[in-house]
Amino acid sequence: MNSDNFNLSEKIVSPSYIRQGSQARRGHEQLIRQLLEQGKCPEEGWSESTVELFLNELAVMDSNNFLGNCGVGEREGRVASSLVARRHYRLIHGIGRSGDIAAIQPKAAGSSLLNKLTNSVVLDVLKLAGVRSVASCFVVPMATGMSLTLCFLTLRHRRPKARYIIWPRIDQKSCFKSMITAGFEPVVVENVLEGDELRTDLEAVERKIEELGAENILCVHSTTSCFAPRVPDRLEELSCLCSKHDIPHIVNNAYGVQSSKCMHLIQQGARVGRIDAFVQSLDKNFMVPVGGAIIAGFDESFIQEISKMYPGRASASPSLDVLITLLTLGVSGYKKYLSERKEIYSFLAEQLKSLASAHGERLLHTPHNPISLAMSLDGLQANSDKAVTQLGSMLFTRQVSGARVIPLGKEQTVSGHTFRGFMSHSDSYPCPYLNAASAVGITREDVTVCIKRLDKCLKTLKKEGEESRDMRL
């Protein structure tokens, strides 16, 4: 409805009523105007009606929704199912063009605008989350692992002689396979045990640089968010090493946006040294479906170079999902989630510590990990070699998801490389343990129910272990 249509409407319905409706419409349009002018996440979240109005306005700008459109090409935004069309708000053309995921599509002005606005809003949120000097970012319709691969492939053109990627060990398959898939040889640097924490061995990293030669190293691939007792890498020191030896630095920040500590590490690393790009998951940080990531950095030209490396057009679904989410939450809503997550982290730590004490275990001391916690399972291991893994199965069947039970001595071969003590980030961590994380969206009820069920499982396994010993005697 434009002003002409409202004027015509006054001839049909009382002008005072139409003016009231027009004013209400202008309220929605004012929010949309602010988004277009500023390109930032709104302070307060939008109503669903405003979001849907905006998306419908975008959709009618795409050629597949033109009333008189006649498409004779091979890709004209045709959709057989009306349910699928509604699921995507009739934004069918995706984002980018065949040579650049960030390029404008002539036949899809609405989808192109969606793409540009999403990247702008996400950049604003990254700054608000703590990386104030980030210069550029884009949403890519791939999860974290493949997004890291895209970064490595882009660096290949800058460092054609490079064969190796130096990687402080973290036992997560996709980040390891991201290097293999890009065609490089990961150089695994074992962590050092400091108290209960597994931390970056900076001396070993520098020895590897000197041994292999800086020109033969594609980059250092570091990590922020991770499972305790592994803690975020020493990003400032690694960034300084990369700057000193002129080696690129790619950071896996998979679920680090939700942590002010992880984001501060990235900001500081870029300030004192070198960070070329950092990659984060959409689903882990923004509570949207799996399938998207954000690639961000401090040099706009390098981030554009990565976006141009993506071959072909791309799905707009991840961009659409995160834009809807951020417009609905607003800055205040997202900050509230982050604040609650931090509070529940403390609550989870208290509850795990109390439970551990009741069962003769202890909460591992990992103060440098702001998201994940770990509780020892020494007593359970003493009862039975199988009891530790059995605990994991029991929790899963009792609908406790996300808890990880780590036994001693597990070996796993990933893309030809054998990891000893796999999942513990170390060849020989001193004890088996259980992981739990306070990630964005968690509730106090989640923690309370988890602790209650974990307590029951531990009691059951303890009783079974005692009965087994009695039988042997």
Side-chain angles (χ1 to χ4, degrees), residues 169-172 190-201 225-233 259 261 341-396 398 400-410 420-439 442 444 446-466 468-469:
R169 176 177 170 178
I170 175 170
D171 289 355
Q172 207 276 339
E190 290 294 327
N191 301 299
V192 291
L193 186 64
E194 297 181 8
D196 288 331
E197 292 184 325
L198 290 166
R199 307 209 66 187
T200 317
D201 189 338
S225 53
C226 53
F227 297 117
R230 174 67 152 85
V231 301
D233 279 318
S259 164
K261 184 175 286 188
R341 185 210 70 78
K342 193 175 289 188
E343 290 174 6
I344 294 174
Y345 173 86
S346 298
F347 178 62
L348 175 61
E350 292 169 5
Q351 295 295 305
L352 274 177
K353 185 175 182 179
S354 176
L355 179 70
S357 178
H359 289 274
E361 303 290 353
R362 65 188 184 91
L363 181 67
L364 301 183
H365 186 60
T366 55
H368 291 95
N369 193 317
I371 299 174
S372 177
L373 294 158
M375 183 184 90
S376 71
L377 296 174
D378 283 315
L380 201 59
Q381 179 79 31
N383 281 342
S384 165
D385 289 338
K386 295 181 180 179
V388 173
T389 53
Q390 190 178 349
L391 174 61
S393 300
M394 291 175 71
L395 289 171
F396 184 75
R398 286 158 179 76
V400 176
S401 60
R404 301 167 74 250
V405 174
I406 313 301
L408 292 175
K410 180 179 179 181
R420 292 174 52 212
F422 188 70
M423 291 172 58
S424 69
H425 321 287
S426 169
D427 281 351
S428 54
Y429 194 74
C431 69
Y433 58 87
L434 175 139
N435 274 134
S438 176
I442 192 173
R444 291 178 76 91
D446 289 330
V447 174
T448 301
V449 173
C450 170
I451 295 297
K452 183 178 179 180
R453 293 176 183 174
L454 176 56
D455 182 41
K456 287 184 177 179
C457 290
L458 289 170
K459 287 177 179 176
T460 299
L461 288 170
K462 182 179 180 181
K463 183 179 179 181
E464 290 177 356
E466 290 171 350
S468 177
R469 282 198 302 272

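Sequence positions, counted from 1, serve as the residue numbers for this chain.
Rounded to the nearest 0.5 Å, atoms CG (Leu364) and OG (Ser372) are 10.0 Å apart. Considering CG of Asp455 and SG of Cys450, their distance stands at 11.0 Å, rounded to 0.5 Å. In this structure, Leu198 CG and Asp233 CG are separated by 11.0 Å, a value rounded to the nearest 0.5 Å. In this structure, CG in Leu434 is found 7.0 Å from CG in Leu352, a value given to the nearest 0.5 Å. We find the CD-OG1 distance between Gln381 and Thr389 to be 9.0 Å, quoted to the nearest 0.5 Å. To the nearest 0.5 Å, atom CZ of residue Arg398 and atom OG of residue Ser393 are 10.0 Å apart.
Asn191 places a side-chain N or O within donor-acceptor distance of the main-chain N or O of Arg169, the cut-off being under 3.5 Å. No donor-acceptor distance shorter than 3.5 angstrom exists from the side chain of Ser357 to the backbone of Ser354, with no hydrogens or angles considered. Thr366 contributes no side-chain N or O that, together with a main-chain N or O of Glu197, makes up a donor-acceptor pair within less than 3.5 Å. Of the possible polar contacts, none joining the Glu194 side chain to the Arg199 backbone as a donor-acceptor pair under 3.5 Å is found. Under the 3.5 Å distance criterion, the side-chain polar atoms of Glu361 are matched with a main-chain donor or acceptor of Asp378. Looking only at distances, a side-chain donor or acceptor of His425 sits under 3.5 Å from a matching main-chain atom of Asp171. Side chain of Thr460 to main chain of Lys456: a donor-acceptor pair is present (N/O by atom type, distance under 3.5 Å, no hydrogens or angles). At distances below 3.5 Å, not a single donor-acceptor pair connects side-chain atoms of Arg444 with backbone N or O atoms of Ile344.
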* Please assess Lys261 against Ile371 for the test side-chain contact (heavy atoms from CB on, under 4.5 Å), listing each intermediate value before the final yes or no. => CA-CA 10 Å; Lys261 184 175 286 188; Ile371 299 174; over 6 Å; no
Exercise. Could you check Lys459 against His359 for side-chain contact (heavy atoms from CB on, under 4.5 Å), going step by step and ending with a plain yes or no?
Key: CA-CA 8 Å; Lys459 287 177 179 176; His359 289 274; 3.7 Å; yes
Steps toward side-chain contact (heavy atoms from CB on, under 4.5 Å) verdict (Ile442, Tyr345)
CA-CA 9 Å; Ile442 192 173; Tyr345 173 86; over 6 Å; no
Apply side-chain contact (heavy atoms from CB on, under 4.5 Å) to Tyr429 and Asp196, showing your working. CA-CA 9 Å; Tyr429 194 74; Asp196 288 331; 3.8 Å; yes
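Under the 4.5 Å side-chain criterion, counting only non-hydrogen atoms from C-beta, Leu454 is not in contact with Gln351. Within the 4.5 Å cutoff, side-chain heavy atoms of Pro430 are placed close to those of Leu193. In this structure the side chain of Pro232 reaches within 4.5 angstrom of the side chain of Pro370, judged on heavy atoms. Residues Tyr433 and Ser424 have side chains in contact (heavy-atom distance under 4.5 Å, counting atoms from C-beta outward).
Exactly one of Cys226, Ser259, Pro229 qualifies for a side-chain contact (heavy atoms from CB on, under 4.5 Å) with Asn369. That residue is Cys226.
The number of heavy-atom neighbours closer than 6.0 Å to NZ of Lys342, taken from other residues, nucleotides and ligands shown, is 12 or below.
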